[in-house]
Amino acid sequence: MSDLDLRDLAAFLAVARTRNFRRAAVETHVSVSSLSQRLRDMEERLGVRLLHRTTRSVALTEAGELLQRKIAPAMGDVHAALQQVRDFGDVPSGRLRINGPAPAIDIVVAPMVTPFLQQYPQVELEIVAETSLIDIVAKGFDAGIRYGEDLAQDMIAVSLGPPQRFVMVASSQYIAQHGRPIAPQQLLQHCCIRTRFDNGSIPEWEFEKDGQVVRIPPRGPLLASYSRLGLEAARDGLGFYAVFEGYVRDDLATGRLVSVLEDWLPPFPGPFLYYPSRRQPPPALAAFVNFVAEWRKRERRAAAPENPSGSERQGNR
């Protein structure tokens, strides 16, 4: 009995349904002789006759009728389940869980969320903001977001966006009252808004110019574990704050905040979406990876300078 498999049962059901070995052989894509031998082997393993065969007809025995009645609904369920699994590859659906640091999510991923879900309405997207470096597989995530220096070698990585940079900002009122630093070391004389990561560490501020790296331990009365608090304090004139440029573009444009030491803060590669290397990623993840690739293409086209030469435009048509 343990030697039976789905092919045996499918062959039996085809014969039971058609009452004809030739039609059943066509349906199951095997030869008549192979099908007949499979049914004989099946009867031998079960120790009971399932079919009455003559040269002109095929009929079910009582045992055959019982078997057909019991397994036909179950086989229908099996085929329906397999088809549903195949459909996952055609229409992306199901839950997609992504983990990453808040700045990458807020600045880079957030603008993609609504367009992606509008394009794939059957996907349920869950994004968790977390600073700590976690094992995404062990924590049940499909993918994560990290910057290049933190990527594991055994992961597939896809660029999520263009280079980013930190900026050192303070309110115009603070700078008018306390002065504008022209070197990183001068920040030691200023009030600074510090950041505490999820793991408890308080990072130094790092600056780089012409190959020279300077690290400053910021000092000040406020420790902010999330960017909104630090930004509000900087806007209110408490002191200097190191923050992703994407958070403060509007503040810089309106003059509410002022950026200093820009030549000491070069850009760095943007974040990456990463996920385990496997042959067939889940359909929802594959859809998101493809969506990111198309999104990045549109970004690059939008960022490319327009060709001012009419003759060259003509040549490129």
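Numbering of residues begins at 1 and proceeds along the displayed sequence.
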Checking Asp5 side chain against Arg7 main chain: does a donor-acceptor pair fall under 3.5 Å?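 Present.
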Under the 3.5 angstrom rule, does the side chain of Arg165 hit a backbone N or O of Leu265 as a donor-acceptor pair? yes
Do the non-hydrogen side-chain atoms of [X] and [Y] ever get within less than 4.5 Å of each other?
{"X": "Thr254", "Y": "Arg249", "value": "no"}
{"X": "Phe21", "Y": "Val15", "value": "yes"}
{"X": "Tyr241", "Y": "Ser227", "value": "yes"}

Verify the neighbour count for atom CZ of Arg53: are there more than 12 heavy atoms of other residues, nucleotides or ligands below 6.0 Å? yes
For Glu245 and Gln164, what are the C-alpha separation, side-chain angles and deciding distance, and is it a side-chain contact (heavy atoms from CB on, under 4.5 Å)? CA-CA 7 Å; Glu245 185 178 31; Gln164 295 181 300; over 6 Å; no
Relative to the ring of Tyr174, is the ring of His190 parallel (under 30°), tilted (30 to 60°) or perpendicular (over 60°)? tilted
Please work out whether the ring planes of Phe291 and Phe288 are parallel, tilted or perpendicular, with thresholds of 30° and 60°. parallel
Set of side chain to side chain donor-acceptor pair (under 3.5 Å) partners for Glu204, sequence neighbours left out: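 In terms of side chain to side chain donor-acceptor pair (under 3.5 Å), with neighbours along the sequence ignored, Glu204 is linked to no residue.
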Run the side chain to side chain donor-acceptor pair (under 3.5 Å) test against Asn20 and tell me which residues pass, sequence neighbours left out. none
Run the numbers on Arg38 and Asp41 for side-chain contact (heavy atoms from CB on, under 4.5 Å), then give the verdict. CA-CA 5 Å; Arg38 179 179 288 275; Asp41 291 343; 5.7 Å; no
Would you say [Y] and [X] are linked by a side-chain donor-acceptor pair, where the criterion is simply a distance under 3.5 Å?
{"X": "Arg40", "Y": "Ser36", "value": "yes"}
{"X": "Tyr275", "Y": "Asp142", "value": "no"}
{"X": "Glu294", "Y": "Asn290", "value": "no"}

Rounded to the nearest 0.5 Å, how far does CG of Leu60 lie from NE2 of His52?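 Here the interatomic distance stands at 8.5 Å.
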Determine, for [X] against [Y], whether the closest basic-nitrogen to carboxylate-oxygen distance falls under 4.0 angstrom.
{"X": "Asp263", "Y": "Lys209", "answer": "yes"}
{"X": "Asp8", "Y": "Arg45", "answer": "yes"}
{"X": "Arg146", "Y": "Glu130", "answer": "no"}

Hey, do the aromatic rings of Phe244 and Phe166 have their centres closer than 6.0 Å?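 Yes, ring centres under 6.0 Å apart.
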Honestly curious: do Leu257 and Val243 fall in one hydrophobic cluster under the side-chain, below-4.5 Å linking rule? yes
Between Gln37 and Ser34, is the side-chain hydrogen bond (donor to acceptor under 3.5 Å, both in side chains) condition met? List the steps. CA-CA 5 Å; Gln37 185 61 52; Ser34 295; over 6 Å; no
